[in-house]
Protein chains: 2
Amino acid sequence: MKHSKYDALKLENQLCFPLYACSREIVKRYKPFLDEIGLTYTQYIVMMVMWERKSVNVKELGECLYLDSGTLTPLLKKLEFKGYVTRMRSDKDERNLVVAITDEGEKLKDKAVEIPFQIAGCTNLTPEEGVQLYGILYKILGTNP
Amino acid sequence: MKHSKYDALKLENQLCFPLYACSREIVKRYKPFLDEIGLTYTQYIVMMVMWERKSVNVKELGECLYLDSGTLTPLLKKLEFKGYVTRMRSDKDERNLVVAITDEGEKLKDKAVEIPFQIAGCTNLTPEEGVQLYGILYKILGTNP
DNA sequence: ATAAATTAAATTGAGTGCAATTTAATTATA
DNA sequence: TATAATTAAATTGCACTCAATTTAATTTAT
């Protein structure tokens, strides 16, 4: 096998590329299930936070999801329009926007609860591989660049 | 620890979420290096294919990168405008668009060759973890949903 | 040979992502 | 206490990403 100083530039020698491709691939596999409840993938993970926390401000949401207000502001307006959350400035500090789940949003949880089980079979990872992957990904996320 | 039937909907119990977050995080870490050569991450992986293959059609490129013409067509027009590739219909089959690297595109490779080494230190994974991650990601990509 | 089916790109439109800037509110400081 | 610095969202603008449709070329089936 011939070597060149350019080997490091080959797609097959990258870790970033399969990570990027895999991420998009998995989101694509969620789509048919998310379509049934009318959410995009990003809206779904926002709702996951809402189902757990009931009420958060945009900053906290951004910290949970690694997203900023440029992404979240229009997305939250859509979720508000669909009736799943409310958006109100905080009384204590009017810079903060409090996002709170509605009854409709709570109801959606009962439809969404099936999704993790429906999606479970869509990769062929062993439980050990799942655990490994989880650990490695969070190790990367924990690294300050 | 209390359990609920909604546990599977918690963000911390998802594999897809850290994958999605990690992918975006890594692309973000490439940005300062890619800025120096004036490419976006997606343009960079397209150029990686071009540096290896010299000439491909859009379909092949899409298969390599898991992207479709909706993403590739405008992106390739930008790379053509920058002078790194040419775009020409195939003589044999005019449905195919042949994308070929230019001399300018080849020159860019010498600037880009440093990037994999500059980026190498940006995660704290052990070599074993890198290999594990690589294997697991390609296992997922190889799964037909 | 011609019509029907298939294929490859391009186009369209909705929805992110994100860097950079702006606006408004709050806090820290001279 | 005015002013400066900081903070939280919103806004702006550019670049994807992808489903669905359209257009044009080629194959297949009649």
Side-chain angles (χ1 to χ4, degrees), chain A residues 17 20-35 38-47 56-82 85-99 145, chain B residues 16-17 19-32 34-35 38-47 56-82 85 87-99 145:
Chain A
F17 170 68
Y20 158 85
C22 232
S23 167
R24 288 183 300 115
E25 178 61 28
I26 296 291
V27 169
K28 227 177 284 184
R29 291 182 195 176
Y30 270 84
K31 187 163 191 304
F33 304 112
L34 290 175
D35 279 350
L39 294 182
T40 64
Y41 179 75
T42 316
Q43 291 167 7
Y44 174 61
I45 61 174
V46 167
M47 287 307 296
V56 282
N57 60 43
V58 174
K59 183 178 193 282
E60 293 166 335
L61 203 49
E63 284 165 357
C64 286
L65 301 176
Y66 303 87
L67 291 170
D68 73 1
S69 65
T71 302
L72 289 174
T73 296
L75 189 153
L76 289 169
K77 286 179 180 174
K78 279 169 204 154
L79 289 178
E80 182 184 40
F81 182 77
K82 294 183 203 214
V85 302
T86 56
R87 298 165 65 250
M88 269 198 313
R89 292 286 170 178
S90 164
D91 283 338
K92 309 253 172 154
D93 184 340
E94 296 215 2
R95 288 173 303 182
N96 290 301
L97 185 93
V98 179
V99 184
Chain B
C16 62
F17 171 67
L19 197 55
Y20 158 86
C22 232
S23 168
R24 289 183 299 117
E25 179 60 29
I26 296 291
V27 169
K28 226 177 287 185
R29 290 181 196 177
Y30 270 86
K31 187 160 192 303
L34 290 175
D35 279 349
L39 294 182
T40 64
Y41 180 75
T42 315
Q43 291 168 7
Y44 173 61
I45 61 174
V46 167
M47 288 307 297
V56 282
N57 61 43
V58 174
K59 183 178 191 282
E60 294 166 335
L61 202 49
E63 284 164 358
C64 286
L65 301 176
Y66 304 86
L67 291 170
D68 73 1
S69 66
T71 303
L72 289 173
T73 296
L75 189 151
L76 290 168
K77 286 180 179 172
K78 279 170 203 157
L79 289 178
E80 182 185 40
F81 182 79
K82 295 182 203 216
V85 302
R87 298 165 64 250
M88 270 198 314
R89 290 284 168 181
S90 164
D91 283 338
K92 310 252 172 155
D93 185 339
E94 297 214 3
R95 288 173 303 183
N96 290 302
L97 185 94
V98 179
V99 185

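In what follows, every chain begins at residue 1, and chains take the letters A, B, ... in the order their sequences are listed.
- Across the protein-nucleic acid pair, A/Asp35 atom CG and C/dG15 atom P stand 12 Å apart, rounded to whole Å.
- With sequence neighbours left out, the salt bridge (charged side-chain N to carboxylate O under 4.0 Å, His left out) criterion links A/Glu94 to no other residue.
- What separates CG of A/Asn96 from C1' of C/dT26 is a distance of 10 Å, to the nearest Å.
- Applying the side chain to side chain contact (heavy atoms under 4.5 Å, CB included) test between B/Val46 and each of B/Val99, B/Leu65, B/Val56, B/Thr40 identifies B/Leu65 as the sole match.
- Residues satisfying the salt bridge (charged side-chain N to carboxylate O under 4.0 Å, His left out) criterion with B/Asp93, sequence neighbours excluded, are B/Arg95.
- Classification of the A/Tyr20-B/Tyr41 ring pair by plane angle, with boundaries at 30° and 60°, yields perpendicular.
- Here the P atom of nucleotide C/dT16 and the OH atom of A/Tyr44 are 15 Å apart, to the nearest Å.
- Under the salt bridge (charged side-chain N to carboxylate O under 4.0 Å, His left out) criterion, A/Asp35 pairs with A/Lys31, sequence neighbours left out.
- One interatomic measurement links the two molecules: NZ of A/Lys59 to C1' of C/dA25, which rounds to 15 Å at whole-angstrom precision.
- Between A/Phe81 atom CZ and C/dG15 atom C1' the separation is 15 Å, expressed in whole Å.
- Within the 3.5 Å criterion, the main-chain N or O of A/Tyr66 finds a donor-acceptor partner in the side chain of B/Arg24.
- Protein chain B contacts DNA chain D from D/dA15 to D/dT26, reading 5' to 3' and using non-hydrogen atoms of the protein with a distance under 4.0 Å.
- Protein atom CG of A/Leu39 is 14 Å distant from nucleotide atom C1' of C/dT16, rounded to whole Å.
- Considering CD1 of A/Ile45 and CG of A/Leu75, their distance stands at 8.5 Å, rounded to 0.5 Å.
- If you find the closest nucleotide of DNA chain C to A/Tyr41 and to B/Asp68, the one lying nearer the 5' end belongs to B/Asp68.
- Residue B/Ser69 is in base contact, counting any heavy-atom pair closer than 4.0 Å across all strands shown.
- The residue among A/Thr73 and B/Thr71 whose nearest nucleotide of DNA chain D lies closer to the 5′ end is A/Thr73.
- Of all the residues in residues 86-95 of chain A, A/Arg87, A/Arg89, A/Arg95 reach under 4.0 Å from DNA chain D with at least one non-hydrogen atom.
- Scanning for salt bridge (charged side-chain N to carboxylate O under 4.0 Å, His left out) contacts around B/Glu80 gives B/Arg87, with sequence neighbours left out.
- The distance from atom CG of B/Asn96 to atom CE of B/Met88, rounded to the nearest 0.5 Å, is 13.0 Å.
- Take the nearest nucleotide of DNA chain D for A/Lys31 and for A/Asn57: the residue whose nucleotide is more 5' is A/Asn57.
- Between A/Leu65 atom CG and C/dT16 atom C1' there is a gap of 13 Å when expressed in whole angstrom units.
- Of the side-chain N and O atoms in A/Thr42, none sit less than 4.0 angstrom from OP1 or OP2 of C/dG15.
- No contact: A/Leu72 has no heavy atom under 4.0 Å from any strand.
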